[in-house]
Every structure is written in C-alpha cells, then in structure tokens.
Amino acid sequence: MSWNEKLKKIPYGGDYNPEQWPEDVWEEDMKLFRQAGIDTVTLNVFSWAALQPSEDEYNFDRLDKIVKLVTENEMNIIMATSTGAHPAWMAKRHPDILRVDYKGRKRKFGGRHNSCPSSPTYKKYAQRLAMKLAEHYKHQRNIIAWHISNEFGGECYCENCENAFRNWVSDRYKTIYDVNKAWNTSFWGHTFYDFDEIVAPNELSEEFEFMGRAHTDFQGISIDYKRFMSDAILDCYKLERDAIKEIIPDANVTTNLMAFFKPLDYQKWAKEMDFVSWDNYPGPSDSPARIAMSHDLMRGCGDGAPFALMEQTPSVTNWQPYNALKRPGVMRLWSYQAMAHGADSVLFFQMRRSIGACEKYHGAVIDHVGTGNTRVFREITALGKELRDIGNATIGMRTHSDVAIMFDWDNWWAVEYSAGPSKDLAYRELIADYYESLRNMNVNVDIIGQDTDLSKYKVVIAPVLYMVKGDLDERIKNFVENGGTFVTGFFSGYVQENDLVITGGYPGKLRDILGIWVEETDSFGPDKCNSFSYHGQRYPARILCDLLHLETAKMKDDYGYLEDFYHGMPVVTSNKFGRGKAYYIATSSDESFRAAFLSDVLAASGVHSLMYASEGVEVTSREDDTATVIYILNHGDAEGIYELHDEGMEIINGIEFGAGMHKIAPKDVHIIKIMK
Ligand code: GLA
Ligand code: ZN
C-alpha cells in the first residue's frame with residue numbers, strides 16, 4: 001500500500017526534537033500541537049550518538065518515551081534512522097568513517113552528513129541501527145513512513161572511495177581498453193594499463209587549472225566520479241532501506257531530497273524510494289515559478305506520484321546571508337503551492353526552536369518565547385484548521401501535463417564541467433527560463449528524465465540537451481514522427497553518454513530530426529549581446545550564437561537574422577518530421593521572446609492554458625477519475641482575477657463557485673473541485 005493511501009487528511013507537522021529538551025517541556029509541546037492541528041511528527045533525525053553509546057550498546061529508552069507520548073496524543077510518526085550524523089566515539093575509534101575533501105584533506109569529527117559512503121564502519125553500523133530500529137518499532141502502528149538518514153549528499157575522495165571507484169569503473173566498462181576509449185585517455189598521454197592506476201579526480205589530480213574546480217581536464221572521468229559518488233551514497237540508502245524492509249516488508253521508505261541538488265542523480269534515486277519527499281527552502285530571489293519548478297522536478301522523479309513536502313520553514317531560515325521572514329500569508333500560500341504541484345503533506349522543520357548551536361535562530365512552530373501567542377503560531381493554527389476541513393479531498397490526485405521539460409543529471413554535470421564554449425552555461429538557469437515562461441501561461445509542466453516515455457506529451461522541450469544518452473534520439477524521432485512537437489536549441493546533441501563528441505556535424509544524432517547543421521558557435525560574456533528578429537520584433541541573443549545551416553528545416557521570412565559576420569543566418573528553425581515538428585533556437589534570449597515563441601508553439605500543438613489569470617496568479621490542477629481540482633494561488637501583492645470555465649466547489653471554505661470571472665485577494669488561495 002502506498003504511503004498516502006490510508007491518510008484521512010494531509011499530514012501536518014514536521015521535525016520534532018524533544019531529545020533536546022527536558023521532559024516537562026514535552027507536555028507543553030503536546031498541548032500546543034493539539035491547538036495547532038499538528039498530527040504528524042518526524043522523530044529521531046539526529047540521535048545516533050544517543051541511541052548507540054558504544055560499539056555494542058543500544059539504548060532506545062528515551063525514544064520509547066517520545067514515541068509513547070506522541071502516540072497517546074494520536075499523532076502519526078515518520079521515523080528517521082538517525083544516520084545523518086555519526087557519533088564522536090565512532091569517528092575516534094574508526095577514522096575510516098571520516099571523509100576526505102576535494103582538496104585531499106582528511107576531515108575530523110564534526111558537522112553532519114559527514115560519513116564516507118565507502119567506509120566499512122559506517123555501512124555496518126548504519127545498517128545495524130536501521131535494523132534495530134525496525135525490530136524495535138515493527139508493531140508501532142502509527143509509523144506512516146521511514147525516513148533514512150537526512151539530506152544525503154556531499155562527496156568523499158578517501159582511499160576507500162578511490163578503490164570503490166575503480167570497482168565501479170570496472171563494472172561499467174569491464175576492460176581497461178574500454179575505459180581508455182570511454183575517457184579518450186590518449187589525450188595528454190593518460191593511457192591506463194591497470195585499474196589501480198586510476199585515481200579520484202580532485203584538486204590533486206584532474207582539476208582544469210584555467211577554470212578551477214567547476215571544470216576538469218577529463219570530463220569523462222569526472223562525470224563518472226559523480227555517477228559513482230551518487231551511486232555509492234545511494235547504496236548506503238539501500239542498505240538501510242533493505243534492513244528495514246526485511247523486518248517490515250510493507251514499510252514505506254523515503255529520504256528527504258533537495259530538488260535541484262547537483263551531487264545526487266535523484267532520477268535514479270527515486271526509483272529506489274517508495275515515495276519521494278523533499279525539503280523546500282527557496283532562496284531570497286526565487287520567484288514563485290522557481291519554487292514550482294522544484295516541486296515539479298520532485299514529482300517527476302517519482303514518476304508523477306504524489307510526494308511529501310518533508311520540510312519547510314514556518315517563518316525564517318538561519319543559514320542564508322540575510323534571512324527574511326515569510327510575510328503574513330506566505331507560509332500558507334507556499335504550503336498550498338506544494339499541494340498544487342503534487343504534495344500530499346505539509347511538514348515543517350522544526351517544531352520547537354532549539355536553544356544552542358547553529359539552528360537556534362531557525363524558524364519553528366514553537367518559538368523561544370514558548371507560547372502559542374505569536375504571529376507564526378497563529379498562522380500555523382489557521383492552516384491546521386483548513387487542512388482538517390479539506391480532509392482527504394485531494395490526496396492521491398495526479399497532475400496531467402501536455403508539456404514536458406527534459407532535465408537530466410548526467411547532462412547537468414557534463415554541461416557544467418565542459419571547458420568551453422562558455423562558463424555561463426548554467427543548466428538549471430536555462431531550464432528555469434523555459435519553465436518560468438510556461439508557468440506564466442498557466443500550463444501544467446512535467447519535468448522528465450531522458451528515459452521517460454515521451455508519447456503522453458504533446459510538447460517536449462529539451463533546452464541544452466548536450467548529452468544524448470542511449471536511444472533517446474530514436475525515441476525523440478518516434479515522438480515527432482507520431483505528431484509530437486520537440487523543441488531544443490544551442491549546445492545540444494554534441495556528445496554521447498561518456499561525453500565523447502559525436503562526429504559528423506552538430507547537433508549529432510539530432511541533426512536529421514531538426515534538419516539543421518551547426519557549423520560554429522560564438523560566445524559572449526555578460527556585457528555583449530547580439531540580436532535577431534522573430535515575427536518582426538527584435539530580441540537579444542546572449543551567451544551563445546550558433547552559426548547554422550538549414551538542411552530540411554525551414555526558416556520563415558521573419559525568423560531571425562543575427563548581426564555580425566554571420567548575419568543572415570537562421571536563429572529559430574522548424575522542421576517537419578513525420579506528423580510532428582522539431583524546433584531549434586540557436587541562442588539564449590529573454591522572457592519576451594520565449595513568451596512569443598512558446599505561445600506560438602503551444603497554439604500550433606493544441607496545448608491550452610488551464611485558464612486566464614491576471615499577473616502573479618498561478619494556476620495548476622490535479623485530478624483523479626471523478627474530479628479535477630484547480631489551485632489558484634495569488635502570489636502578488638494586489639487583488640487578482642481569474643476566469644473559471646466550469647462551476648465547482650471551493651474546498652477550503654466550502655463555497656460554490658460559478659463559471660466566470662472571480663477575484664482573489666493578495667496571497668490568497670482558492671482550491672476548486674470540479675466534478676467530471
Ligand atoms: C535541512 C535539514 C534540517 C535543517 C534545515 C534547516 O533541510 O534537513 O535538519 O537543518 O535544513 O533549514
Ligand atoms: Zn571515502
């Protein structure tokens with residue numbers, strides 16, 4: 001049974017650390033939780049040292065008390081395994097557990113998320129702790145999910161990792177001959193004769209000295225190290241997951257992800273998770289669309305299934321340079337935004353503000369003042385009541401999208417490791433440009449990986465599809481032949497999965513689908529810009545400008561003409577291929593160009609916006625067999641309007657809404673259920 005199937009309402013609560021407090025405070029917590037409508041707590045996130053005081057000694061007494069208390073108070077539990085930070089005694093006794101950083105320095109005990117993923121000590125004890133916890137709590141009926149470790153991440157370059165990397169490489173390529181081929185080691189005389197000549201690519205070995213750590217002499221080696229590290233850490237997750245499942249076969253196991261987190265290939269990770277959960281901490285300049293994009297990425301990793309919002313701050317973070325408060329109404333708005341994009345939970349970090357160490361000024365449900373008499377607590381209580389009223393009306397519903405944006409971790413690593421053509425190729429930003437334009441049109445968007453089935457979409461957009469893995473080109477071909485619309489652009493189709501260039505002209509295997517040949521590419525710094533025209537309007541051309549030739553593609557009369565010695569060359573091309581069309585955009589432009597271009601593409605492909613809404617008002621939908629739920633979120637500071645096509649029931653307030661124009665107050669949310 002999936003994690004959300006039995007839920008009677010959206011789980012509401014979050015990370016609860018009573019172990020940091022004397023027990024008389026716990027009763028006070030329970031009272032305040034009840035008041036706020038909190039019904040779910042994530043326990044035991046960082047208690048390894050307390051649970052295992054020494055090599056063979058385990059003590060769950062305090063955790064038992066906490067579990068008993070929250071159970072008596074009718075709360076559900078998300079049980080963490082505590083392996084996100086290892087005990088000090090373990091680091092002293094078994095230094096193999098400590099990581100070696102990119103500069104080659106051995107770490108000392110400290111911090112968290114600090115264990116080497118290849119350490120035999122860490123693996124043995126983490127697995128054993130997960131097993132003991134599962135054994136101990138296997139009859140605890142109110143555990144709705146198991147939460148492995150916490151925000152897995154980081155990297156290690158120790159000797160154990162180096163050896164594990166050699167094994168990983170040998171599993172992948174089998175022979176040293178194939179390794180040399182994959183990494184093109186005849187460049188700079190790097191030919192390897194034995195696997196044990198291979199070293200971890202860090203500052204001491206393959207850093208590209210002209211451009212620093214972001215780039216590398218041998219992209220092939222560095223990309224493989226990224227893949228290896230992501231896999232090695234995933235193996236640690238799997239060890240704990242399997243230990244739990246061996247004892248509780250129907251346990252729902254997850255770990256909290258971080259959306260666009262570069263070190264870990266979450267599309268691969270999510271396949272090993274019963275459900276995706278993630279922690280939403282937007283940066284100060286993130287637009288609502290940026291936050292939405294992270295939710296959609298997370299939903300996509302889980303194949304479209306509802307995910308858990310595992311953490312968000314109720315009010316403020318403490319780890320950004322300037323920690324602005326969430327304005328009144330914004331915590332509620334962003335909680336519903338998560339639900340609007342597929343979340344079936346609203347959980348916070350943290351329940352009570354700690355008094356010491358680096359998170360003591362991080363927002364919490366209960367502040368240092370210790371009472372419910374705060375703005376934040378009142379907002380939490382109000383949302384708690386709303387979520388109780390909504391009940392399970394939206395749980396399990398899925399998002400239907402006609403449009404997908406392709407995003408891929410290997411591609412991310414490859415694009416940004418590349419030495420040339422520009423250091424300004426920030427993959428996530430280039431994806432966000434498209435995403436944001438689509439969101440502004442109020443269409444649902446899926447963010448998909450390279451192995452996703454394309455046939456369910458009308459439009460697939462793959463910006464900077466630099467690395468084309470496996471048979472993706474064939475699948476794009478089928479998709480377009482069968483009537484799909486494909487959009488890509490500069491720096492696409494260059495390399496296969498080992499970052500080796502596909503010769504015979506860019507964009508490599510996408511050349512016939514797009515019907516063009518890219519001969520050269522010009523690159524500009526931030527202070528230079530070219531321009532082109534589209535439907536008679538002039539738009540900027542930034543970062544890269546491809547010099548391309550039409551083969552079977554067409555450039556309409558008013559499609560772009562660049563300036564400079566390559567003026568007259570096409571910028572936007574379209575190619576009829578079977579029953580569909582493939583578009584290419586040879587440069588990076590601005591929002592007004594993307595809005596014009598994408599609205600043409602969507603109209604030609606039969607994709608409609610969910611509804612009209614004024615600026616700043618976001619619209620999404622989720623559905624099941626019986627109903628569609630439309631979420632209308634006003635991120636703006638002014639009253640907004642939107643046009644409902646059908647009548648329905650606004651489920652926060654239980655009011656009938658007729659078809660036609662409606663007003664929505666600033667920061668307000670309407671959730672309208674329309675029966676099918
Ligand atoms: C992360 C962690 C939490 C906490 C918060 C603070 O998401 O998982 O333990 O540190 O950040 O924002
Ligand atoms: Zn290591």
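On a predicted model such as this, the values are computed, not experimentally measured, just so you know.
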* To do: Determine, stepwise, if the pair Ser277 / Thr254 fulfils side chain to side chain donor-acceptor pair (under 3.5 Å).
  => CA-CA 7 Å; Ser277 66; Thr254 190; 3.1 Å; yes
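- Relative ring orientation between Trp319 and Tyr281 is described as perpendicular, the plane-to-plane angle rising above 60° on a 0-90° scale split at 30° and 60°.
- For the residue pair Tyr16 / Asp29, a side-chain donor-acceptor distance below 3.5 Å is found, with atom types taken as modelled.
- Side-chain atoms of Phe33 and Met75, non-hydrogen and from C-beta on, do get closer than 4.5 Å to each other.
- A donor-acceptor pair under 3.5 Å is absent between the side-chain atoms of Asp286 and the main chain of Ile291, judged by distance alone.
- The side-chain heavy atoms of Asn160 and Pro120, taken from C-beta on, include a pair separated by under 4.5 Å.
- Ion pairing of Asp624 with Arg398 is absent here, as no side-chain N (NZ or NE/NH1/NH2) approaches a carboxylate O to less than 4.0 Å.
- Within the 4.5 Å cutoff, the side chain of Glu497 has no heavy atoms near those of the Asp410 side chain.
- Judged by distance alone, with hydrogens and angles left aside, the side-chain atoms of Thr81 form a donor-acceptor pair with the main-chain N or O of Ser149 at under 3.5 Å.
- Between Leu465 and Gln450 the shortest side-chain heavy-atom distance falls below 4.5 Å.
- Ser418 places no side-chain N or O within donor-acceptor distance of the main-chain N or O of Val415, the cut-off being under 3.5 Å.
- Between Ser345 atom OG and Leu309 atom CG the span is 5.5 Å, to the nearest 0.5 Å.
- Just one residue in the list Met90, His86, Lys123 forms a side-chain contact (heavy atoms from CB on, under 4.5 Å) with Ser115, and that residue is His86.
- The backbone N or O of Ser230 lies less than 3.5 Å from no partner atom in the side chain of Glu155, so there is not a single donor-acceptor pair.
- Side chain of Asn318 to backbone of Lys360: no donor-acceptor contact under 3.5 angstrom is found.
- Ring centroid separation for the pair His215 and Tyr417 does not come in under the 6.0 Å cut-off.
- Under the ring-ring contact (aromatic ring centres under 6.0 Å, His included) test applied with Tyr157, the options Phe228, Tyr225, Phe165 reduce to a single match, Tyr225.
- Listed by chain and residue number, nothing satisfies the side chain to side chain donor-acceptor pair (under 3.5 Å) test with Ser354 (two or more places apart in sequence, or in another chain).
- Side-chain contact check for Ile405 versus Leu438: some heavy-atom pair is nearer than 4.5 Å.
- Between Glu429 and Arg290 there is a salt bridge, since a side-chain N of the basic residue sits under 4.0 Å from a carboxylate O of the acidic one.
- Phe407 has its ring centre less than 6.0 Å from the ring centre of Trp412.
- Phe307 and His295 have their aromatic ring centers within a separation under 6.0 angstrom.
- Looking only at side-chain heavy atoms (C-beta outward), Arg299 and Thr399 come within less than 4.5 Å of each other.
- Ring centers of His362 and Phe349: under 6.0 Å apart, within the cut-off.
- Residue Phe348 holds its CZ atom at 5.0 Å from CD of Gln312, rounded to the nearest 0.5 Å.
- The pair Asp231-Lys268 counts as a salt bridge, with a side-chain nitrogen and a carboxylate oxygen less than 4.0 angstrom apart.
- Residues Lys245 and Asp250 are not paired through a salt bridge, judged by the lack of any N-O separation under 4.0 Å between the basic side chain and the carboxylate.
- For Lys271 and Asp451, the salt-bridge test passes: some basic side-chain N is under 4.0 Å from an acidic carboxylate O.
- Trp269 and Tyr237 have tilted rings, their planes meeting at an angle from 30° to 60° on a 0 to 90° scale.
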* Tell me, with the steps shown, if Asn411 and Tyr427 meet side chain to side chain donor-acceptor pair (under 3.5 Å). => CA-CA 8 Å; Asn411 191 49; Tyr427 182 47; 3.3 Å; yes
* Check step by step if side chain to side chain donor-acceptor pair (under 3.5 Å) holds for Gln337 and Glu618. => CA-CA 9 Å; Gln337 187 189 29; Glu618 180 185 359; 2.9 Å; yes
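- With respect to Glu416 and Lys262, a salt bridge is recorded, a charged nitrogen being found less than 4.0 Å from a carboxylate O.
- Looking at every heavy atom in both residues, Ser222 comes nearest to Pro201 through OG-CB, 3.8 Å.
- The shortest distance between side-chain heavy atoms of Asp39 and Asn76 does not fall below 4.5 Å.
- A salt bridge is absent between Arg107 and Asp101; no separation between the charged side-chain nitrogens and carboxylate oxygens falls under 4.0 Å.
- The six-membered or imidazole ring of Phe260 lies away from that of Tyr266, with a centre-to-centre distance of 6.0 Å or more.
- Side chain of Asn442 to main chain of Val619: a donor-acceptor pair is present (N/O by atom type, distance under 3.5 Å, no hydrogens or angles).
- Residues meeting the side chain to side chain donor-acceptor pair (under 3.5 Å) test with Ser294, sequence neighbours left out: none.
- Under the salt bridge (charged side-chain N to carboxylate O under 4.0 Å, His left out) criterion, the residue pairs touching residues 335-346 are Asp344-Arg622, with sequence neighbours excluded.
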* Asked: Stepwise, does the side chain to side chain donor-acceptor pair (under 3.5 Å) test hold for Asn256 with Asp279?
  -> CA-CA 6 Å; Asn256 45 346; Asp279 301 345; 2.9 Å; yes
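- For the atom pair CD1 (Ile390) and OG1 (Thr394), the distance works out to 6.5 Å, reported to the nearest 0.5 Å.
- Salt bridge Arg227/Asp265: absent, no basic N to carboxylate O contact under 4.0 Å.
- Contact annotation: the side chain of Arg352 never approaches that of Val365 to less than 4.5 Å [non-hydrogen atoms, C-beta and beyond].
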